[in-house]
Structures are given as C-alpha cells and as structure tokens.
Amino acid sequence: MSSSEDDVPLAMLNGRRTNGTSSATSASTNGKGPILPDRIPKSVDKKADKDFDAMAVDYPTGDRAGVPIVNIAVREELDNGRAKRKGRKPAIKEESSDDSDTPLTKRRRTSNGVKASTIVESSDDDVPLAKRAAASKTRTNSASKAANKKAAAAKDESSDSDTPLATMKLAKEKRKIENKAAATAKELRAEDKKAAIKANGIKRKSVKDESDSDVPLKAKRKPVVKKTNGVKQESSDDDVPLAKKAKAISKNAATAKGKAVDNKKAVVKGKAKAAKEDTPAGAETAEDEEYKWWENQAETDGTQKWTTLEHNGVLFPPAYEPLPKNVKLKYDGVPVTLPLAAEEVAGFFGHMLNSTHATNPTFTANFFKDFQRILKESGGAKDTTGKKVLIKEFAKCDFTDMNNYFVAEAEAKKNLSSAEKKAIKAEKDKAEEKYLHCLLDGRKEKVGNFRIEPPGLFRGRGEHPKTGMVKQRVQPEQVTINIGNGVPVPPPPPGHKWADVIHDNTVTWLATWKENINGNIKYVMLAATSSLKGMSDFKKFEKARELKKHIDRIRADYGRDLKSELMADRQRATAMYLIDRLALRAGNEKGEDEADTVGCCSLRFEHVTLKAPDLVIFDFLGKDSIRFYQEVPVIPQVFKNMRIFKKAPKTTGDMIFDRLDTSQLNKHLQNYMPGLSAKVFRTYNASWTMQQQLAKIPNEGSIHDKYAAYNEANKAVAILCNHQRTVSASHETMMLKAEEKIKALRYQKLRLKRQILFLKPELKKKRAAFFKPDPEIDDKNWILEHQKFLIEQEKEKIRKKFEKENEKAAENGEKEQKPSELKERLKAVGELEAEFKAENKTGAVEPKTKGATVEKLEAQIEKMDEKILKQETEAKVREDNKTVALGTSKINYIDPRLSVMFCKKYDVPIEKVFAKTLREKFKWALESADEDWEF
DNA sequence: ACTTGGACTTAGGACGATAAGA
DNA sequence: TCTTATCGTCCTAAGTCCAAGT
C-alpha cells in the first residue's frame, strides 16, 4: 500500500488471471481485459490527488472543462486511421511478452510517474496523436483556444454543474444563461419530479394493464391468423373492407379523425363516419383531412400501434437480366461463360470497378469467395468451346468488359430523349403507386421503404470484416407480412408464398425479412412523414425536454459518484460525465464480425490519452467508423479517474470501463426518469445547445444573414454530435477556383482605382492609403498572367460566338461567315491588350464609360468590395463546413420547434430551414410552436 | 447474469433533380 | 443553353435499447 508504485495494488487485486488456461491472452480473453478491483483503495485516490496537484500547480483547471480545445476529425487522417487501425488486441501480444507483468508495469510507470508535467500516460503512439492534433486543426484550434481563454478568465465556477456541455466557442455567455436556468430548475425540481413520477406511474400502469389483460406478449407476437401463405383466405368482404375499416377505426382510434382516401368508396363512407364520430375537432374540410394527432394529446400507452392496417405489401426488384452474349468476364485473358447466378454476382462487381471498394482487399476477398462458391454451386464457368474453366485467382479476373457495358448502358439511358425518360418514369411510378401508401386506422399514410432491397455486394462501412460479401436476392418465402386482421392480404408474386402473415398491432412494420450477411432483420415501415413516426419523434423530444427537470440532480449525483469508493459507481459516473459533456454515444459491445467501432462504454485503453494537467484526448472510430478526435479539458476528478481506469495492468485492447456496460448504465438512468437512456442526453444537449445558440442571434439584418446565423448554430450542434461528411472530391479544385475568382474581382477593383487615377492623378499622393496596393494581388507576375488570361478569355468568347453563328447559319441553309471575319473580330482583343500595356506602364486606366467621375467610380469600388466580401465569406463557410454534416442533427436531434420558433421570431421563411420533406416530417412542429416556444 | 432477438432511430454516401453560373 | 455545383431524396448500414431466452 505504501508503495509509491500506485499501480501495484491494482495489479495485485485484479490479478492478471493467473490461472493457466489463458495465460497467453490473459488480459484479453474475457473481452474486457483486466477488471479493476471493485473498490478503490483510499491510497489510490490519495496518490491520484497528489499527482494531480503536482501537475496542476498554478494551472486553473476545471473551469475550462467540457470545451474541446481541438475537435474535428480531419478526413485525410481519418482515412489513414482507418487503414491503420489495429485489431482488438494485437499490439499487446507483439510487444509485451504476455504473462509476466513486469514489462507492462514498468512501461506504464515510467510514463506515469516520471514526467508528470507533460504526458501522464502515453500509449505507445502518443506521438502520432500529438502530431496529428497539431497538424490537423488550424482554424478551429485557434478559435477554440480563444474561447477557452475567455472562459478561463471568467472563472465561472459552475462550469460543470449545469452547462450541458458544448463545443461552442463562447462558453462564457453560455454559462451565464445556463446558471440562471439552473437556479430556476432547482426550485422547480421537486415538484416536477413528483408530477413526472405521477404521470409516468400512470403510464406504466396502463401499459401493464394492457399487456396483462390482453394476451401475453409472446402470444401477441405471432398471434391470431397464422398461416395464410398466400392470398386471401379469410377476407370475404374483399370489396368494402377499406370503408368498413375506416369506420371501425375511427371509433377505436380515439383521437383519430377517421379518413380513408384510398378508394372512392372508402372516402365517402369514412368521411361520413368521421364527421359523425369525432365531432370535437372534426371540423375540417374533406380534402385536407389530415390527422392532427398533436392537437389532442390522447395519452396512449404506446404498446398498441394501430387498430387496423391495410397495405399492398412490398415491391420486389426486377428479375436479373442476363448480359448480352458478347459481354463476358475474362479469366486469364479468356472470355468465360458463367451460369446466370454467377454472372449476376460478377456483374455486381463489374458495376463497382471504379469505386474504392474494388481495391479494398477485404472487399475483393469476400466477394471472390462468395463468387467462387456461387459459381461452383451453379455449375462453373466454361470457355467458348464449352470447356470448363476453373476460376481460382481473383487477380486473373477481368471485369472490364462488363464494366464498359454497364457504363455504356448508363450513358445510353442518360441520352434518352426526355420524352422517353418521362415514359419510363411514368411506368415506374405506376408500378409503385399501390405501394406508396397504406391505410392505418383508416388514414392514408405514406409507406417508407416498400422496395425489397435488391441483391448486391454488401457495402459494410469502415473495416467491416464482411464487406464485399454477396447480399442475396430476397425471396417472398423469406418475407413476413404484418397486416390488419380481416383485410385482404397482398398476394405474393405468382408461384410464391409469404413466409408468414401476421397481425401484430404492437409493432409498426408492414413487412420484414432477414438479411443473409449479418442476420439482421429488415423492416418495411412507414415514412418519416407518417403520423406514427411523427408521434414517436414528438415523444422523443418531449422526453429530452423532461430531462431538463432532472439534469441538475443527475449532474450532482454523478459529480458525487466520481469519487465513489465503488469502482462500478465511479466508472458509471465518469461515463455519464462523458456522455453528458461530450455527447458520446452509449457504446454497446460489438462482435468480432463487425467493424471495430466504439462508444462511451466500449472505449478501450488506446482510445484515450491523458495529458497533464487535465486534458483528455479521445481518438477512436465511432458509429459508421467516423473518427472522433477531441482534446478536452475535464474536471480534475474525471481526469484522475481516467488515470485510474487506465492503470496497469491495463494496456492496449483493454476496456476502460471494465465494470460498466450500457444496460447497467441505462438501468441506472431509469431511476431518474422513466425512459431515460444514454441517447436522450444527445437529444437533450443538441436541442439545448441549439436553443442557446439561437438566443445569441441578433434579430436584425437580412434574411440571408439570419439564415447564415441559423446555420452556424446548426453547425455548433453538428460539431457537438460529431456529424461529419467526407469532403467532396471536387472540393479542392472548387476552392482554388473560388480563390481565383476573388482575385479577379480584386483586380477589377484595382482597375477601378486606376480609372480614378486617370481622372485625377494627383490623388495618388493625397490618398496614399487608398491607393496602396492590394496585398492579395500585389504581384506583378500574377497580374500579367491574369491579363493574359483575360485576353484569352475574351478571344474564346469571340470564337465561340462566331462558331455558334456559323452553326446557326448552316442550319438555316445560309452560308457560313469566312474565317477572315473571325480574324477581324479578334482584332478587337488587341485593344484590350494595348489597354493593359498602357495600364502596366502608367498605373492608370482610361475609363471607358463617358462621364465617369471619381464619385461614380468610388461607388463602384464600394460595390466591388461588397462583392468580394460576399465571395470571401461564402468561400470561408464552404471551407469551414466541408467536413461538417448539418443535416443529421437537423433531422434527428434538434427539436424542430426550435427552428419553427426561430423562423417566426426572426421572420425567416420556414422553407429556408426545412425543405419540403422536412416540413412534412415536422408538420406537428410547424403547427404547434410559436415565436416564444422554448425547449 | 449473460446472450440473443427484435424493433426502432440515427447515419453517411449514392444518386438524381434542380438551381446557379459560364 | 449547357454545364456544373448544390440540394434533396433514397438507400440501407449501423447504432440504441428493451425484453425474452438460457
């Protein structure tokens, strides 16, 4: 205990499982690596405190906590990171000769104890990290730093007690606002809690009642009408059912204004019914019979999702169309004939020849393995003489013929006349029409993904071990249909059967099947604009808003538990801190056959680097293998805890939170608020942040300006949630172009000034500042080049015009103009050339417009300045946003009522912030929030 | 307790449509 | 008017979380 080696007790306590079986991999076999002791000895904390104090000398830690100094994952690096990613644990095995823990202990201790002032823990690769950090961030870096300074200066004590984190730059103002809110929140807390519990108690109960009284869940799952495999069997009332349905429903769906639009009959009857039955709000016109569920919040328990459901099933992809005989895979240079099944698979790959997948070794290996198997199963390849050809090596396969064919086809399709295209589209639309909508509780609702996913090659993201495998064609026999009782079942394709037909109204899906790659279940569900989805979206945001009432208590609790003696509690508290401040995802465990990505609970040793005195550097791949990179100062206790959680014998590959998983975490959260889980924090913090950001926007300026400010707020949220996108391939060239364009404008401005000088040369001295060279283009060579370019451009213009005129002439049967005419015209450019020459010599430009005055020119310059500024800010925004995806947070995390509030309050048209589908999706928000609405 | 299954939300990229610009 | 950049939608993979099964 008294040992100065603070990791000794830990190492002893958890023992690196000395028992034989797994000595070689002892640290890793249980998937979590070493488990830390269940209690944290006082000595450990003491040591941690001491170390920390030593490090933190005259360093004001704590008050800057939660605001990342560096975030943004840099894409190029990300790509490297992906490629380099180590497997779960390989590093250990290679570097540390397994079971003797001396080397481990030693290694750790050195970095740990010795250079406390710089790097506390360094995994073997802290250098790359540091470098990366330095290299990658430029602008954000400095911006955030500035913000941090401000925040530090403010010395705001409560930084960690109530700010819901933030990646935002202006931490200071933010805290002020939040403090106020927190105070109020505290007062209200007790009462709110009571109310909440009460409400939820009722909810709960009713849920239970429901399920108890009804059939037990399991029975419900596969209830009533089993069998059916096929067409109608029990719906004798084939004809009228929709209408009937609509009636019956509108009764049941207490709040529903029954509507049926699917066919005329239904409409008529349904309408009549609706008018009679739901009088309260039923006073709407027949046409826009919309179901405004948000207007009467009938409390539903949520287990039953519908009463009646009618739909037309799913749309299967078209059958495979064989390639023309002359388009073949070549093997070792020889064209081979493939059985249809194999040809189709080869074609999948042929389609992707110019994507990055085609060069991904995992992808090609997986593809080839499946291809070989399918080829074998289907009879094998043959050459043109009918002789069998064994396809053994991927490298000898040549898909270029296929690829060329596909490209040509696509091209041909593109070149169809617009009439033909229209016809094709019309046909497609017609085929899809009946799948577009369903009838849910008598209302017409949009179906989302009614198309069965076509076969192809699985495009797993990141380093997915199964990427490239063949995703098989889904047969009707695999598809289960879920539909209301007693309505016609959509017929399976001729000669086929459904896997099953069920009538489960506790789920929202219309059809389901299992996909062959990962065994995942796929569903056909309603569209995001449907009432069903809308209601749950609404509930999601209401839940997040409810968290407001509990957040203070939750933060206080985990703040306390950060010092808990119980390891499990302390880990949980620390994880909650991260989830709350950094908006990390929960981080469920993943299998070996998935990409190695993590979230909070699944963070491993190598994902976190600690830097004294309070900096935690996160670097890991999150959902979709998107890199999460942040250097965040944390409050001292969190820093100390992370050190403890990383202590020996833990090493690369070991879990940081070895005594925590998502289900424990969520179970704990339930105690605070029913339905509270880790993801609610993301919603809460995103919406909260958005609200704070919007509140800072001055209500002035143009719509364009206000919209830009909105987007900035949106961006803050996107950064918080780490929503990224890859920079488009053309980004770089686009930026260069933009830069050139701006310089061109600057040159135009220069010429305006030179016109002034032409008029009044004496001004050059009198207004020296005004006429001093624009540093951006103060480069003779560039100007010369640019002038050349302008001349070329002018010539090109003339030529083009000339050609066009000739073409037209030819069309009209007139004779073309002579080349001499072109030459004549080109002479005009000579004038420009001369102009430039004179300009370069005298530094002045003769105004072309008559009556040019200094005043007029000055006005033009001013306009030019505006133009330049506009272009520059545009370019800057584009550059700044190149890796940030705004859409995800707008669609999933930011309470749409905030946007509605903003638009109403700031007089920004809603169309600006919500495109059509979003307006539909968020209709409930558009109609329920006003300019005072608060999250 | 732990694992698996199931249902639903969240996610980035592909791709087609549309608007803006040469 | 054609091309090109941007926008909006579609697609489906990849998460979360709860509950049932062992």
Side-chain angles (χ1 to χ4, degrees), chain A residues 31 211 216-218 221 305 352 355-357 410 413-414 421 425 448-454 456 458-462 464 466-467 471 482 504 506-509 512 514-515 517-523 525-529 532-533 536-537 539-540 585-591 594-595 597-602 621-626 661-667 669-670 675-683 686 718 721-726 728-731 733-734 737-738 741 793 796-797 800 804 878 883 885-893 914-921:
Chain A
S211 51
L217 248 189
K218 201 55 226 176
R221 283 274 145 91
K305 304 293 172 32
M352 309 171 80
S355 88
T356 55
H357 295 295
K413 211 169 159 191
K414 222 167 72 187
K421 279 187 197 158
K425 177 144 196 303
N449 53 329
F450 52 83
R451 273 173 279 259
I452 294 281
E453 293 175 15
F458 173 67
R459 294 145 112 108
R461 306 191 184 143
H464 195 121
K466 293 185 173 182
T467 193
K471 192 165 112 170
N482 187 32
D504 183 354
T506 66
V507 296
T508 67
W509 51 266
T512 184
K514 197 175 216 172
E515 150 269 344
I517 306 271
N518 299 295
N520 290 334
I521 305 168
K522 303 282 193 160
Y523 301 93
M525 290 183 181
L526 297 192
T529 52
L532 224 46
K533 295 283 190 190
S536 69
D537 221 26
K539 277 186 192 158
K540 171 182 78 185
R585 294 188 183 85
N588 284 308
E589 297 245 13
K590 295 189 72 186
E594 298 173 274
T597 63
V598 299
C600 183
C601 292
S602 48
L621 299 184
K623 183 177 180 179
D624 293 304
S625 294
I626 294 298
D661 64 35
T662 54
S663 70
Q664 290 171 59
L665 177 66
N666 284 335
K667 205 176 284 165
L669 293 175
Q670 298 283 329
L676 184 61
S677 63
K679 83 192 267 279
V680 179
F681 283 82
R682 259 167 93 79
T683 313
C721 295
N722 200 40
H723 292 144
Q724 299 187 21
R725 57 176 182 163
T726 45
S728 72
S730 56
H731 179 82
T733 45
M734 273 160 48
K737 251 191 211 168
K741 205 168 149 192
Q793 199 181 37
E796 194 57 34
K797 233 192 222 161
K800 275 243 169 86
K804 227 174 220 161
R878 210 182 307 157
T883 60
L886 299 186
T888 308
S889 51
K890 195 190 272 190
I891 292 168
N892 299 302
Y893 287 104
F914 288 151
K916 185 158 129 295
T917 43
L918 276 192
R919 288 199 297 278
E920 275 166 46
K921 166 172 166 149

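Note on naming: letters A, B, ... go to the chains in the order of the sequence lines (proteins, then strands), and numbering restarts at 1 for each one. What you see below is based on every heavy atom in this structure, not just the backbone, and it leaves out hydrogens, waters and symmetry mates.
Side-chain nitrogen and oxygen atoms of A:His464 include at least one within less than 4.0 Å of the OP1 or OP2 phosphate oxygen of C:dA14. The shortest distance between the side-chain N/O atoms of A:Lys679 and the OP1/OP2 oxygens of B:dT10 is below 4.0 Å. Distances shorter than 4.0 Å separate some side-chain N or O of A:Lys305 from OP1 or OP2 on B:dC8. For A:Tyr523 and C:dT12, the shortest distance from a side-chain N or O to OP1 or OP2 is not below 4.0 Å. OP1 or OP2 of B:dT9 has at least one side-chain nitrogen or oxygen of A:Lys533 nearer than 4.0 Å. Residue A:Arg725 has no polar side-chain atom (N or O) positioned under 4.0 Å from OP1 or OP2 of B:dA14. Checking the phosphate oxygens (OP1, OP2) of B:dG13, a side-chain nitrogen or oxygen of A:Thr726 falls inside 4.0 Å.
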Give me, pair by pair, the N or O atoms of the protein and of nucleotides 3-11 of chain C that are less than 3.5 Å apart, along with how far apart they are.
unit_1: C:dA5; atom_1: OP1; unit_2: A:Lys737; atom_2: NZ; d: 3.2
unit_1: C:dT6; atom_1: OP1; unit_2: A:Arg878; atom_2: NE; d: 3.3
unit_1: C:dT9; atom_1: OP1; unit_2: A:Thr917; atom_2: OG1; d: 3.3
unit_1: C:dT9; atom_1: OP2; unit_2: A:Thr917; atom_2: OG1; d: 2.2
unit_1: C:dC11; atom_1: OP1; unit_2: A:Arg451; atom_2: NE; d: 3.3
unit_1: C:dC11; atom_1: OP2; unit_2: A:Arg451; atom_2: NE; d: 3.4
unit_1: C:dC11; atom_1: OP2; unit_2: A:Arg451; atom_2: NH2; d: 3.2

Which atom pairs link the protein and nucleotides 1-3 of chain B when you take only N or O atoms and keep those under 3.5 Å?
none

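Counting all heavy atoms, side chain and backbone alike, A:Phe458 lies closest to A:Asn518 at CZ-ND2, 3.6 Å. Taking each heavy atom of A:Lys921 and A:Ala528 in turn, the nearest pair found is CG-O, 3.9 Å. Minimum interatomic distance between A:Ala678 and A:Asn666 (heavy atoms only, all atoms of both residues): N-OD1, 2.9 Å.
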Worksheet item: When you look at A:Glu453 and A:Lys471, which way does the side-chain contact (heavy atoms from CB on, under 4.5 Å) test go after all the steps?
Response: CA-CA 9 Å; A:Glu453 293 175 15; A:Lys471 192 165 112 170; 2.7 Å; yes

Worksheet entry | From CA spacing to verdict: side-chain contact (heavy atoms from CB on, under 4.5 Å), A:Val680, A:Ser677 | CA-CA 6 Å; A:Val680 179; A:Ser677 63; 3.8 Å; yes

Worksheet item: Given the rule in the side-chain contact (heavy atoms from CB on, under 4.5 Å) test, do A:Thr888 and A:Cys721 qualify, once you have shown the distances and angles that lead to the verdict?
Response: CA-CA 9 Å; A:Thr888 308; A:Cys721 295; over 6 Å; no

Discussion item. Please evaluate residues A:His464 and A:Ile517 with respect to the criterion side-chain contact (heavy atoms from CB on, under 4.5 Å), reporting the C-alpha separation (whole Å), side-chain torsions for both, the decisive distance (0.1 Å), and the verdict.
Written reply: CA-CA 11 Å; A:His464 195 121; A:Ile517 306 271; 5.5 Å; no

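The nucleotide whose nearest atom lies closest to any side-chain atom of A:Ala586 is, among C:dC17, C:dG15, B:dG12, C:dC17. Ranking B:dC8, C:dC17, B:dA11 by closeness to the A:Ser677 side chain, first place goes to C:dC17. The A:Met525 side chain lies nearest to B:dC8 when the options are C:dC17, B:dC8, B:dA11. Closest to the side chain of A:His723, out of B:dA7, B:dG13, B:dG12, is B:dG12.
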Worksheet, complete the sentence: Protein heavy-atom contacts under 4.0 Å, written 5' to 3' over nucleotides 15-22 of chain B as B (base), S (sugar-phosphate only) or - (none), form the string -------S

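Counting only heavy atoms from C-beta outward, the side chains of A:Phe681 and A:Leu676 approach each other to under 4.5 Å.
Taking CD1 from A:Ile521 and OG1 from A:Thr512, the interatomic distance works out to 6.0 Å, rounded to the nearest 0.5 Å.
Qualifying ring-ring contact (aromatic ring centres under 6.0 Å, His included) partners for A:Tyr893, counting only residues two or more places apart in sequence or in other chains: A:His723. For the side chain to side chain donor-acceptor pair (under 3.5 Å) test, residues two or more places apart in sequence or in another chain that qualify with A:Lys540 are A:Asp537. For A:Asn892, the side chain to side chain donor-acceptor pair (under 3.5 Å) criterion is met by no residue, not counting sequence neighbours.
A:Asn588 comes within contact range of at least one nucleobase, with a heavy-atom separation under 4.0 Å. Nucleic acid contact class of A:Gly519 (heavy atoms, under 4.0 Å, all strands): none. Base contact: A:Lys623 has a heavy atom under 4.0 Å from a base atom. Nucleic acid contact class of A:Thr512 (heavy atoms, under 4.0 Å, all strands): none. Among the heavy atoms of the strands, none lies under 4.0 Å from A:Lys414. Using a 4.0 Å heavy-atom criterion, one finds that A:Lys471 contacts the sugar-phosphate atoms exclusively.
Atom CD of A:Gln670 is separated from atom P of C:dC17 by 10 Å (rounded to the nearest Å). The NZ atom of A:Lys539 sits 11 Å away from the P atom of B:dC8 (whole-angstrom rounding). Rounded to whole angstrom, the span from the CD atom of A:Glu594 across to the C1' atom of B:dT4 amounts to 13 Å. Look at CD1 on A:Ile521: it is 15 Å from P on B:dT9, rounded to the nearest Å. At whole-Å resolution of the value, CG in A:Leu526 and P in B:dT9 are 10 Å apart. Taking atom CZ of A:Arg585 as the reference point, atom P of C:dA14 lies 13 Å away to the nearest angstrom. Straight-line distance from the CG atom of A:Leu621 to the C1' atom of C:dA13: 16 Å, rounded to whole Å. Note: NZ (A:Lys797) to P (C:dT1) measures 18 Å, nearest angstrom.
Nearest-nucleotide assignment on DNA chain B puts the 5′-proximal partner with A:Trp509, out of A:Thr683 and A:Trp509. Between A:Glu515 and A:Thr662, the one whose closest nucleotide on DNA chain C sits nearer the 5' end is A:Glu515. Positionally, the nearest nucleotide of DNA chain C for A:Lys522 lies more toward the 5' end than for the other of A:Ala678 and A:Lys522.
No donor-acceptor pair under 3.5 Å is formed between the side chain of A:Lys590 and the backbone N or O of A:Val598.
The environment of A:Lys797 atom NZ is sparse: at most 12 non-hydrogen atoms of other residues, nucleotides or ligands sit within 6.0 angstrom.
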